[in-house]
Peer 1: 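Sharing a structure below in structure tokens format, with a few things to ask.
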Amino acid sequence: MKKDYQETWNLDVFFPGGSSSLDFQKHLEATEDAIQEFSKQVHKYKLENNTNDQVLLTKIVDLFEIVVKKVRQAGAFVSCLEAQNMEDKEASALRGKVTEISAKFQNVLTVFDGKLSSYDDVTWNGLFEGSNIEELYFILSERRTHARQKLSENEETLINKLSVDGYHGFGQMYDTIVGSIQIPFIENEEKKYLSVGQAANKFSDPDRTVRKAIFSEWEKAWNEKGDLLAKTLNHLAGFRLNVYEMRGWKNFLKEPLEMNRMQEKTLQTMWKVIADNKKPFVKFLERKAQLLGLEKLSWYDLDAPVGSLDTKMSYQEGANFIVKHFSQFGSNLGEFAEKAFEDSWIEAEDRKGKRPGGFHTYFPESKQSRIFMTYSGTPSNVSTLAHELGHGFHTYAMGDMHTLNRNYAMNVAETASTFAEMIVSDAALKEVKKEEEKISLLEDKIQRSIALLMNIHARFLFETSFYNLRKNGLVSKEKLNELMLDAQKEAYGNALEEYHPSFWGSKLHFYITNVPFYNFPYTFGYLFSLGIYARALAEGPGYEEKYIAMLKDTASMTVEDLASKHLQVDLTQEDFWESAIKLCIADVEEFLDLTN
Ligand SMILES: [Zn+2]
């Protein structure tokens, strides 16, 4: 029998003493010094047009790497402190400090990028040929290209300054509006007011009258604030479109596509395959309606539980289960997870004062991961644990890559985590004894496909039609409702009775200023990972080596190149996406069989 694993993490190996750590103070000072040195060298840096140029750029890049590691090390530590104890005021103060340091670093990077953008192509390529930073050609060229496509340094600085009270200001306005929303709800004959988050939890209540009651108040509340929300959304999009226009960018998908290093053709192909394969998911929704004794599902039934699941696993059992099944896929993955459990890389204890949810973070100077979650023994806890370990394995696989080649985009960020979850959920499905539990596990798994292939699809359809209209002027609340209703009907294949037209107001993702089109990368990541999983199943044991080689390259090439190099597929063609969606459909078919 395996030994007992600690349920709390060890942060003292990085900086002893938590949020009052003196070593961490020293680290912050060293980080500021490093930024200052980097800034000095960047400002001084210019071409000499001789063989020394490669040496100069290498020197700058070395400093760049040192600063990145220090800033991330600091950010990771503060994230852990804040999450383990939300009351830790010193940790919040440290967060402020780290944010300030990061902003300084960003300012220096803007100057650095400006210098890169001034070189002509011949000079630029010459800087890399035969140099020892050849491996950074993609990533530095990307910075150079982005800088070249923007306005002058002065104009971009002006935009950034105005964004604080304009663009980002409207983003914050959204939080203020949402914070003021209270949803009335009657429980035990007593009228209560719920926050948006509390009300959202009621959508998975097994009692339909509860779900329906909360939904009707929910729609009402968002509609009441509809004019404020519509103004906010219109100004965010308007700001973005004006900046794009000034830069001469015609396509509003340009920025989000470039952030995800992907072509528009790839995106279109992915959505086409999804649109062509709605039928099985519509059937699933119909069956779920039957199981709930309904003619047709409504929006507020989508999260209703089906079947029952009361199996619990202790932390040790969960850990052993994960290690066992990870090891069956490959020894590296299994050993990585075992090391994470053994060396106290995971904070899983179920106690008060912790932040909800889970995350993974990486300490680059120490080459160690930390995982945060609250483990209470449910199957979904085991999935979360596997998910976050998957993220950890991604950073582990990139171990010997240059720091600047480790910054993967959002659309591939979930590759390893989804993959790890698939291993564990498939194993759980195989081991479960009672049919009712199997149905419940399957339903839970299919819900993810519904979310990513239907819900996120609706968000993308809505945002696309909204941006097209917004180019010609403000879009009213009523029109936004209409656009959302159309998008939902299309994305859900008309499978629902009632929809959620004010969803454009209730979903935070439409108001996140740093990431435009905060939707399709999720769906891409899910199917991309499933496509790789399908490949792993087909190739059997020994696939791990190829898997690791693929993960290594996730942050230093486009997704099309990544897929072509490691999977020998063309992402602009349908076959890869078909192979991925087949796995989701297989789950649905099994579910339909079991519930026939
Ligand atoms: Zn994740």
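Order of appearance sets the numbers: ligands from 1, and atoms from 1 within every ligand. Here the structure is a predicted model, which means the values were calculated and not measured.
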Peer 1: Salt bridge check, E347 against K354: does any charged N sit closer than 4.0 Å to a carboxylate O?
Peer 2: yes
Peer 1: Any idea how many protein N, O or S atoms are nearer than 2.8 Å to the Zn ion (ligand 1)?
Peer 2: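 Under the 2.8 Å cut-off, the count stands at 4.
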Peer 1: Return the orientation label for the H457 and W271 ring planes: parallel under 30°, perpendicular over 60°, tilted otherwise.
Peer 2: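 If you compare the ring of H457 with that of W271, the planes turn out parallel.
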Peer 1: Using residues 510-521 as the side-chain source, report each donor-acceptor pair under 3.5 Å to any protein atom, sequence neighbours left out, with the distance given to one decimal.
Peer 2:
from: Y511; atom 1: OH; to: W504; atom 2: O; distance (Å): 3.0
from: T513; atom 1: OG1; to: H168; atom 2: ND1; distance (Å): 2.9
from: N519; atom 1: ND2; to: E463; atom 2: OE1; distance (Å): 2.7

Peer 1: Checking E142 now: which residues fulfil side-chain contact (heavy atoms from CB on, under 4.5 Å) with it, not counting sequence neighbours?
Peer 2: F138, I139, H146, R261
Peer 1: Among residues at least two apart in sequence or on other chains, which ones pass side-chain contact (heavy atoms from CB on, under 4.5 Å) with A563?
Peer 2: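 In terms of side-chain contact (heavy atoms from CB on, under 4.5 Å), with neighbours along the sequence ignored, A563 is linked to F528, L567, V569, L571.
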Peer 1: Could you tell me how the ring of F363 sits relative to the ring of F14: parallel (under 30°), tilted (30 to 60°) or perpendicular (over 60°)?
Peer 2: parallel
